[in-house]
Amino acid sequence: DPLVSSLDERKSKIQIAIQEAEEQLEQAKTRLQEAEKQSSQLQLVLDPIKAEAESSAKNLKDSILAQGKNDIEAITVRAKGQIFSLEGQIKEEIFSHVIDLALKRVQSQLETNLSQDMQVKIIDANISRLGG
């Protein structure tokens with residue numbers, strides 16, 4: 001009977017298609033397991049690399065911060081030294097200026113307040129004290 005034969009042929013084709021689909025499913029499951037295994041193995045390789053990179057980055061950061069701190073301290077020490085030096089120079093200049101002003105004032109007062117006779121007497125007194 002052609003109808004039974006056609007149905008048997010169709011049944012056979014469906015069974016073959018189901019069997020092929022099941023085989024493809026099994027192959028896909030196998031490939032998925034292999035991919036998961038490779039992913040796991042890759043993670044085992046990547047984890048130590050990541051940890052080393054993080055450690056290196058932290059060490060580099062710490063080193064840069066320490067060097068920056070040292071540089072700031074050195075700059076501070078130099079700046080304080082320069083300030084101290086400038087302060088000493090300024091004090092010397094002020095002291096010298098004050099002495100110059102005082103001497104000019106004394107000289108001016110002596111010139112206006114001492115007569116020629118008084119100046120001669122002071123000079124003679126000092127010469128005689130020196131033994132002359």
Side-chain angles (χ1 to χ4, degrees):
D1 178 21
L3 180 60
V4 172
S5 172
S6 174
L7 287 175
D8 283 341
E9 186 178 321
R10 186 167 179 184
K11 179 181 173 186
S12 175
K13 286 181 181 180
I14 291 174
Q15 286 176 337
I16 290 173
I18 290 174
Q19 186 178 1
E20 287 176 354
E22 288 175 347
E23 288 174 4
Q24 289 176 356
L25 177 62
E26 288 302 315
Q27 290 174 358
K29 286 180 181 179
T30 301
R31 285 194 302 271
L32 177 62
Q33 288 174 346
E34 289 175 11
E36 288 174 345
K37 182 180 176 183
Q38 288 176 351
S39 174
S40 177
Q41 290 172 345
L42 180 61
Q43 197 62 43
L44 290 174
V45 171
L46 292 178
D47 285 344
I49 292 171
K50 180 181 175 186
E52 179 64 30
E54 289 173 349
S55 175
S56 294
K58 182 186 179 307
N59 290 341
L60 181 60
K61 175 187 168 190
D62 292 345
S63 174
I64 290 170
L65 289 175
Q67 184 61 46
K69 182 179 178 183
N70 289 342
D71 291 347
I72 289 171
E73 288 174 1
I75 290 169
T76 302
V77 167
R78 281 195 305 271
K80 285 180 180 179
Q82 290 173 346
I83 290 170
F84 184 72
S85 176
L86 289 173
E87 184 180 302
Q89 290 174 355
I90 291 170
K91 284 180 181 179
E92 287 178 19
E93 289 176 17
I94 290 172
F95 185 70
S96 176
H97 187 67
V98 167
I99 289 174
D100 286 344
L101 289 175
L103 287 175
K104 286 178 183 176
R105 185 172 180 191
V106 167
Q107 182 180 4
S108 173
Q109 287 177 352
L110 286 175
E111 288 173 355
T112 57
N113 293 335
L114 289 180
S115 65
Q116 186 70 27
D117 283 340
M118 289 179 88
Q119 290 177 15
V120 170
K121 286 180 185 178
I122 291 172
I123 292 171
D124 288 342
N126 284 327
I127 290 174
S128 65
R129 260 194 275 155
L130 292 173

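In this text the structure is predicted, and so the values were computed from the model without any measurement.
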Would the distance check show the side chain of [X] and the main-chain N or O of [Y] forming a donor-acceptor pair, the cut-off being under 3.5 Å?
{"X": "Ser63", "Y": "Asn59", "result": "no"}
{"X": "Ser96", "Y": "Glu92", "result": "no"}
{"X": "Ser56", "Y": "Glu52", "result": "yes"}

Contact check, side chains of [X] and [Y], non-hydrogen atoms, under 4.5 Å:
{"X": "Glu26", "Y": "Glu23", "result": "no"}
{"X": "Lys80", "Y": "Val77", "result": "no"}
{"X": "Thr30", "Y": "Glu34", "result": "yes"}

| query | Which atom pair, heavy atoms only, marks the closest approach of Val4 to Asp1? | reply |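 Between these two residues, the closest heavy atoms are CG2-OD2, 3.2 Å.
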How many angstroms lie between atom [atom1] of [X] and atom [atom2] of [Y], to the nearest 0.5 angstrom?
{"X": "Gln89", "Y": "Gln82", "atom1": "CD", "atom2": "CD", "answer": "10.5 Å"}
{"X": "Ile14", "Y": "Lys11", "atom1": "CD1", "atom2": "NZ", "answer": "10.0 Å"}
{"X": "Gln15", "Y": "Asp8", "atom1": "CD", "atom2": "CG", "answer": "9.5 Å"}
{"X": "Arg31", "Y": "Gln24", "atom1": "CZ", "atom2": "CD", "answer": "8.5 Å"}
{"X": "Leu60", "Y": "Leu65", "atom1": "CG", "atom2": "CG", "answer": "9.5 Å"}
{"X": "Asp47", "Y": "Lys50", "atom1": "CG", "atom2": "NZ", "answer": "7.0 Å"}

| query | Should the pair Lys58-Glu54 be classified as a salt bridge under the 4.0 Å nitrogen-to-oxygen rule? | reply | no
Among the clusters formed by ILVMFWY side chains lying less than 4.5 Å apart, do [X] and [Y] turn up in the same one?
{"X": "Val106", "Y": "Val98", "answer": "no"}
{"X": "Leu86", "Y": "Ile94", "answer": "no"}
{"X": "Ile75", "Y": "Ile83", "answer": "no"}

